[in-house]
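Worth saying up front: this structure is predicted, and the values here are computed from it rather than measured.
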Amino acid sequence: MSNERLNSIIDRLIASKDNGETRDIYADWAASYDTDLDGFGYVAPQTGVKLLVDLVPNKSAALFDVGCGTGLVGQKLAQAGFTNIEGGDFSADMLEKASALNVYRQLHAIDLMTVIPLRDNAYDAAICIGVYSSRFKENFFREIVRILKSKAPFVVSIRPHYFEDDVKPQLDTMVAKQIITDLTISNQPYMNGQAASAFYITFRKT
């Protein structure tokens, strides 16, 4: 895949405000998704999982991979020794690819623009890599916090164009309201082939 085509896909995803359009983009991309990202040095899954490993010593902890896609993060979690992984995505084509990896105990159809159909206080930790979009703003952090147990950590990558005006105010509000604690933010490589970085954020549910 050329730089131009990858950038075109990413630009379409960023601009999309319609779930049907976004679902179609991912359906078309599912077959070559892993190969394409690997070719551009996509290191976000490794970085995110390393952060989670440092926060979750129990390898049998119940983990939720938010926006799991084809299972890139799930594979890294399994390689790190985690054995109780669930995932969720709104693309049926991506979930089919993820299921074939046999690293997820269960996969869920979820839409991050709405309420996630999962019970409260269900997971010991969660991770979300390469997924966040401003169209999720109304529900995203509220829903992630809801499904986590008290003191459970969350790791999320945020591309720079979403951080300052979109995500940072949400984090500040959650800290001020004592909804989350132990907030850390670091800027690290995201896609080496494009010299792209991201903010990697970790916090715990209070």
Side-chain angles (χ1 to χ4, degrees), residues 30 33-91 93-110 112 116-132 140-141 143-159 180-193 196-206:
Y33 182 85
D34 293 1
T35 302
D36 290 342
L37 292 184
D38 185 61
F40 282 93
Y42 183 51
V43 295
Q46 295 95 306
T47 303
V49 169
K50 183 179 184 303
L51 290 170
L52 193 71
V53 166
D54 292 341
L55 295 169
V56 184
N58 179 10
K59 300 302 183 184
S60 63
L63 308 183
F64 192 72
D65 181 4
V66 184
C68 64
T70 58
L72 291 173
V73 170
Q75 281 185 301
K76 299 299 180 187
L77 290 170
Q79 290 167 7
F82 292 105
T83 58
N84 187 7
I85 312 164
E86 296 185 25
D89 202 274
F90 84 137
S91 168
D93 298 86
M94 294 282 190
L95 287 173
E96 184 177 354
K97 297 271 287 185
S99 178
L101 298 175
N102 295 316
V103 299
Y104 293 99
R105 188 170 65 85
Q106 189 172 359
L107 289 166
H108 306 265
I110 65 172
L112 295 174
I116 300 174
L118 300 170
R119 61 188 175 84
D120 297 355
N121 309 309
Y123 297 96
D124 297 308
I127 185 169
C128 181
I129 300 299
V131 175
Y132 184 86
F140 181 81
F141 285 110
E143 283 297 289
I144 298 303
V145 169
R146 180 183 64 79
I147 67 173
L148 288 174
K149 297 176 182 177
S150 178
K151 310 302 181 186
F154 180 47
V155 176
V156 58
S157 70
I158 302 291
R159 296 300 301 275
I180 63 172
T181 188
D182 298 340
L183 174 66
T184 72
I185 302 170
S186 61
N187 190 289
Q188 300 188 52
Y190 182 80
M191 195 175 292
N192 286 334
S197 66
F199 290 98
Y200 292 85
I201 297 164
T202 71
F203 61 71
R204 291 183 184 274
K205 178 178 179 178
T206 300

Under 4.5 Å between any side-chain heavy atoms of I129 and V156, yes or no? no
Taking the side chain as C-beta and beyond, is there a heavy-atom pair between R105 and N84 under 4.5 Å? yes
Please tabulate, for side-chain N and O atoms in residues 44-54, each donor-acceptor pair with protein atoms closer than 3.5 Å (sequence neighbours left out).
| from | atom 1 | to | atom 2 | distance (Å) |
| --- | --- | --- | --- | --- |
| T47 | OG1 | V43 | O | 3.2 |

Can you name the nearest heavy-atom pair linking K151 to R204, along with the distance? O-NH1, 2.8 Å
Can you tell me how far CD of Q75 sits from CG of N102, rounded to the nearest 0.5 angstrom? 10.5 Å
Using a 3.5 Å distance criterion without hydrogens, assess whether the side chain of E86 forms a donor-acceptor pair with backbone atoms of L107. no
Apply salt bridge (charged side-chain N to carboxylate O under 4.0 Å, His left out) to K59 and list each qualifying residue two or more places apart in sequence or on a separate chain. none
Ignoring hydrogens, what is the shortest heavy-atom contact between V56 and A61? Give both atom names and the distance. CG1-CB, 3.7 Å
Rounding to 0.5 Å, atoms OG (S197) and CZ (R159) come to a distance of 7.5 Å
What's the separation between atom NZ in K76 and atom CG in D65, rounded to the nearest 0.5 Å? 13.0 Å
Measure up the F141 and F154 rings against each other and bin them: parallel (under 30°), tilted (30 to 60°), perpendicular (over 60°). perpendicular
Mind checking whether T70 and E96 have side chains closer than 4.5 Å, heavy atoms only? no
Decide yes or no for L55 and T202: does some side-chain heavy atom of the first lie under 4.5 Å from some side-chain heavy atom of the second? yes
Side-chain heavy atoms of V66 within contact of I144, under 4.5 Å: yes
How long is the straight-line distance from CD1 of I110 back to SG of C68, given to the nearest 0.5 Å? 7.5 Å
Is the shortest heavy-atom distance from the side chain of Y123 to the side chain of I147 under 4.5 Å? yes
Provide the closest heavy-atom pair for G71 versus A98 in the form atom of the first, atom of the second, distance. N-CB, 4.0 Å
Which atom pair, heavy atoms only, marks the closest approach of H108 to L95? O-CD1, 3.8 Å
Atom NZ of K205 and atom CD1 of I180: how far apart are they, to the nearest 0.5 Å? 12.0 Å
When rounded to the nearest 0.5 angstrom, what is the spacing between NZ in K97 and CG in D89? 13.5 Å
Should S60 and T83 be marked as a side-chain hydrogen bond (donor to acceptor under 3.5 Å, both in side chains) after you check the CA-CA gap, both sets of side-chain angles, and the distance that decides it? CA-CA 5 Å; S60 63; T83 58; 5.5 Å; no
Heavy-atom pair with the smallest gap, counting every atom of A62 and A122: CB-O, 4.3 Å
Assess the residue pair I127 and L63 against the criterion (side chain to side chain contact (heavy atoms under 4.5 Å, CB included)); give the C-alpha distance rounded to whole Å, side-chain angles, the decisive distance to 0.1 Å, and a yes or no. CA-CA 8 Å; I127 185 169; L63 308 183; over 6 Å; no
K149 meets the salt bridge (charged side-chain N to carboxylate O under 4.0 Å, His left out) criterion, sequence neighbours left out, with D124
For Y190, which of F199, Y200, Y42 qualifies under ring-ring contact (aromatic ring centres under 6.0 Å, His included)? Y42
Closest heavy-atom pair, F140 versus L112, reported as atoms and distance to 0.1 Å, is CE1-CD1, 4.1 Å
Going by heavy atoms in the side chains, are F64 and L148 under 4.5 Å from each other? no
Would the number of heavy atoms belonging to other residues, nucleotides or ligands and lying under 6.0 Å from CD of Q106 be above 12? yes
Side-chain touch S150/N121, heavy atoms, less than 4.5 angstrom: no
